[in-house]
Amino acid sequence: MRTTVLIVAAGSGSRLQAGVPKALVTLGDGRTMLEHCLDSVVAARDAGAVELNAIAVVVPADPDAAASLEAVCQAVAARTAVTVQTVPGGAERADSVRAGLAAVRTLAGTAGGPFGRHALLIHDAARPFVPPAVFDAVVTALGSGTVAVVPAVEVVDTIKSVARAGAELSAEAGAAPEEVTGTLQRTQLRAVQTPQGFDLTSLEAAHRRAEQDAGLSGGAAALTDDAMAMEAAGHRVGVVAGDPLGFKITTQLDLMLANALLASTTLEHH
Ligand code: CTP
Ligand code: MG
């Protein structure tokens, strides 16, 4: 199925505290996180996992950051013969996805694949090392008729809910302990990664609906992944095997892991 990839790279990276937007942070080999991410998509194409139509990259509204990321995109486009288009993002991840969807629709055109279906993969720039097998699993599930597919791994920690939901956990000495309200059964939990795969038309409708739905309290900030919009619209969401290498670079510790991986022989495609 013809597939357009939407990479969200408009976040500031406040938890990484690198002084530049996260997608622009250079890893140990001197290449940016976004370049690694784009290369992982191209590697999936080259492995035959994705019938790649084009890539849209959502970048920060800040003109300097946008120009730097645009240069990264055009360099990759030139050496891989992939169309890569940038589009300015929004305040929350869901806002950035919505900004990107208009560009995706233009890139996808009206032609679509068999039965007019066109696949969309939505992917975090902050996950630079996803192996082709994960792209393959997501696209294969989409091809068999599922309209929403997420890659996931098992959860290693025990996850508890607390009474002060919404508030941050205070690290201050002497802060009052939060109160546990329940423990979720770990065997029933999955930690979800990207790329998440969708039927393009269904995802567009689900995002429009989520935007208008007052029942989804918290607005765009509460929509922490795109499958949530599909769940809210009543679609079944399939889960396929992700990969530990699909981890998200969020903190300095994650960056250290990324650089250790690059310095080792663990990464085949980077
Ligand atoms: N993202 C985006 N637009 C936003 C927020 C996030 O495109 N307004 C993207 C990020 O660029 C990233 C992905 O969504 O690729 C996952 O978000 P996250 O890891 O939270 O990145 P940041 O929001 O940049 O980091 P932080 O939350 O620490 O500020
Ligand atoms: Mg964020």
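When reading the values below, keep in mind they use all heavy atoms of this one structure, side chains included, and skip hydrogens, waters and symmetry mates. Atoms within a ligand are numbered from 1 in the order they appear, just like the ligands themselves. Model, not experiment: these values are computed from the prediction.
Between His123 and Thr194, the shortest heavy-atom contact is ND1-OG1, 2.6 Å.
Counting heavy atoms of neighbouring residues, nucleotides and ligands inside a 6.0 Å radius, atom CZ of Arg236 does not exceed 12 of them. Summarising the local packing, CD of Glu154 is surrounded by 12 or fewer heavy atoms from other residues, nucleotides or ligands at distances under 6.0 Å.
Every N/O-N/O distance between Thr250 and ligand 1 stays at or above 3.5 Å.
In this structure, NE2 in His207 is found 10.5 Å from CE in Met228, a value given to the nearest 0.5 Å. The distance from atom OG1 of Thr26 to atom CG of Leu34, rounded to the nearest 0.5 Å, is 12.5 Å. Asp29 CG to His270 NE2: the interatomic distance, rounded to the nearest 0.5 Å, is 9.5 Å. With rounding to the nearest 0.5 angstrom, the CZ atom of Arg45 is 12.5 Å from the OG atom of Ser40.
Against a heavy-atom cut-off of under 4.0 Å, Ala125 is close to the following atoms of ligand 1: 15 (O). Atom numbering of ligand 1 starts at 1 in the shown order; those under 4.0 Å from a heavy atom of Glu92 are 4 (C), 8 (N). If you number the atoms of ligand 1 from 1 as listed, the ones under 4.0 Å from a heavy atom of Arg93 come out as 3 (N), 4 (C), 5 (C), 6 (C), 8 (N), 14 (O). Applying the 4.0 Å criterion to heavy atoms of Ala126 picks out, from ligand 1, the atoms 15 (O). For ligand 1, the atoms closer than 4.0 angstrom to any heavy atom of Gly90 are 4 (C), 8 (N). Taking every non-hydrogen atom of Ser12 and a distance limit under 4.0 Å, the qualifying atoms of ligand 1 come out as 24 (O), 29 (O). Atom numbering of ligand 1 starts at 1 in the shown order; those under 4.0 Å from a heavy atom of Ser96 are 2 (C), 3 (N), 4 (C), 7 (O), 8 (N).
Between the side chain of Ser96 and the backbone N or O of Gly90, at least one donor-acceptor pair lies under 3.5 Å. Panel note: side chain Thr3, backbone Met1; a donor-acceptor pair is recorded below 3.5 Å.
For atom 10 (C) of ligand 1, the closest non-hydrogen atom of the protein is Gly11 N, 3.7 Å. For atom 17 (O) of ligand 1, the closest non-hydrogen atom on the protein side is Lys248 NZ, 4.5 Å. For atom 21 (O) of ligand 1, the closest heavy atom belonging to the protein is Lys22 NZ, 3.2 Å. The protein non-hydrogen atom at the shortest distance from atom 13 (C) of ligand 1 is Asp124 OD1, 3.4 Å. Protein heavy atom at the shortest distance from atom 7 (O) of ligand 1 is Ala10 N, 2.9 Å. Looking at atom 15 (O) of ligand 1, its nearest protein heavy atom turns out to be Val8 O, 2.8 Å.
At a 4.0 Å heavy-atom cut-off, ligand 1 touches Arg15 through backbone and side chain alike. The proximity of Ala91 to ligand 1, defined as any non-hydrogen pair under 4.0 Å, is limited to the backbone.
Using cut-offs of 30° and 60° on the angle between ring planes, the pair His36 and Phe129 is perpendicular.
Within the structure, the closest approach of Ala9 to ligand 1 falls below 4.0 Å when heavy atoms are considered. Judged by the shortest distance from any of its heavy atoms, Gly13 lies inside the 4.0 Å radius around the atoms of ligand 1.
Using a 4.0 Å cut-off between a side-chain N of Lys or Arg and a carboxylate O of Asp or Glu, Asp243 and Arg127 do not qualify as a salt bridge.
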